[in-house]
There are 2 protein chains.
Amino acid sequence: MARMVAERADTIAPLAEVFREHGYEGASLALISKATGLGKGSLYHFFPNGKEEMVRAVLGEIGQWFEDAVYSPLRNESDVNGAICAMLASTDQYFRSGRRVCLVGALAVANTRDLFAQAIRGYFVAWVDALQSALIRQGREADQSRILAEEAVLTIQGAIVLSRAMDDPAVFQRAIDQLRGRLVIEKDTSNNEGTTDVSPQNEGRLV
Amino acid sequence: MARMVAERADTIAPLAEVFREHGYEGASLALISKATGLGKGSLYHFFPNGKEEMVRAVLGEIGQWFEDAVYSPLRNESDVNGAICAMLASTDQYFRSGRRVCLVGALAVANTRDLFAQAIRGYFVAWVDALQSALIRQGREADQSRILAEEAVLTIQGAIVLSRAMDDPAVFQRAIDQLRGRLVIEKDTSNNEGTTDVSPQNEGRLV
DNA sequence: GCGAGACTGTACCGATCGGTAAACAAATTA
DNA sequence: TAATTTGTTTACCGATCGGTACAGTCTCGC
């Protein structure tokens, strides 16, 4: 019959979207079929192990995207503040200011967590590690950087949950802005336009 | 046949647990039946509208528990710092340091969100409002308090996600400690130490 | 006692689930 | 052109899904 999809890779994006919207169990083969435009036969041709393999493919793609767009700059970029700002911008865009769910985070709280535990863990560990590396290169202490990196990643995940629950993208935006103020160290430039609210933050610097 | 359950209320706790563990779609009637010890007949006797009504009942119970244990003290307690510390302690205990998922948060990122949107929103709005009220009574500005309250609730949600993903309850604990440092205003007593873990309080009342 | 609900067990419903089999068409290679 | 690989369609499988029907059994007020 007519060939509809050139490569397996073309199915990843719609696959990701349908898993994000419906979860692992909720994404039925009928839904997946509609989203990708492929029948069951084709789906099982590309992914012989069914849904599990599809999710693994999606997680791999997501991991690669973050590696390239976020983790790698965080680890290697000499302009550390720039890399951190870029991370926040990419994140804001990627998650559509909280309107789009984080598939990895959603899987982490689902009962299917165990199936993908390693991939889920890897995604977050890489993120925290990369961010910690950047913070250390800012001149911060290693322990402090670890805590702060952890806090940043967790804040992003929480912001997605809360902004969706409240149906208010501004919640996500505020969290990102807050994060910027906490992660970016202003050197000497006197133009502090981003960090208008300095008062209550600085004092709670302990751990 | 033999009567097994005295009241509908007795089913709420196992119901909550099974929905937490398997999500709305993942919690099949077979699973629910096993968790509650009730056959379909009994289940549909207590909840004529099926799973949806079961979830609503659970959400109602959860909301009531938080109202009594967290929101109300936050709004009314004269010892504001005490109420905030109690909130953190209750939260840590309730979520078992991140080992237990927040059902409301999990529903918020699922595709079934729309079904329960109002209840989900209400849960979080009440939490943020109550915490904001406490922070204002601490002497903070209203706007600042709003932001800070939002940030605290979001941090708890994110901590659940991250600590589960990393399979490390310490992540959750650190986030709670961090929050304490940011929310509680020390008056004069230099007795900081923090955490100290109020020992395993009662464990009952599992909503 | 006895009737009325309140509760329970079981059989059953149509729909859908994830997954398989195989006939078949198009592109690729020889 | 012939053979092979690669992709697509369709029909089908047993299991399970959420939900219903209903007869049976309990408890309790009278």
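Note that the structure is predicted; figures quoted are calculated from it, not measured. Numbered from 1 within each chain, the chains take letters A, B, ... in sequence-line order.
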Worksheet item: Does B:E52 CD have over 12 foreign heavy atoms under 6.0 Å away?
Response: yes
Worksheet item: What's the CZ-P distance between B:F47 and C:dC7, to the nearest Å?
Response: 12 Å
Look for any protein N or O under 3.5 Å of an N or O in nucleotides 16-18 of chain D and output each such pair with its distance, or none.
from   : atom 1 : to    : atom 2 : distance (Å)
D:dC17 : OP1    : B:S28 : OG     : 3.1
D:dG18 : OP1    : B:K51 : NZ     : 2.9
D:dG18 : OP2    : B:L29 : N      : 2.7

Discussion item. Distance check needed: C:dT10 P versus B:L43 CG, whole Å only.
Written reply: 15 Å
Discussion item. For the CG atom on B:D114, are there more than 12 heavy atoms of other groups (residues, nucleotides or ligands in this structure) within a distance under 6.0 Å?
Written reply: yes
Discussion item. Just the rounded figure in Å: distance from P of C:dT8 to CZ of B:R8.
Written reply: 14 Å
Worksheet item: Looking for any heavy atom pair under 4.0 Å, which part of the strands does B:G50 touch: base, sugar-phosphate only, or nothing?
Response: sugar-phosphate
Fill in: Parallel, tilted or perpendicular, as decided by the 30° and 60° cut-offs, for the rings of B:Y94 and B:F66
perpendicular
Discussion item. Taking B:E25 first and then B:K51, would you say they form a salt bridge - that is, a charged N and a carboxylate O separated by under 4.0 Å?
Written reply: no
Discussion item. How many whole angstroms separate atom CZ of A:F46 from atom C1' of D:dG7?
Written reply: 6 Å
Discussion item. Students often mix this up, so state it plainly: with edges at 30° and 60°, are the rings of A:Y24 and A:F19 parallel, tilted or perpendicular?
Written reply: parallel
Practice prompt. Determine: side-chain N/O of B:H45 to OP1/OP2 of C:dC7, distance under 4.0 Å, yes or no.
Written response: yes
Discussion item. Ring-plane angle category for B:Y123 and B:W127, please: parallel below 30°, perpendicular beyond 60°, tilted otherwise.
Written reply: perpendicular
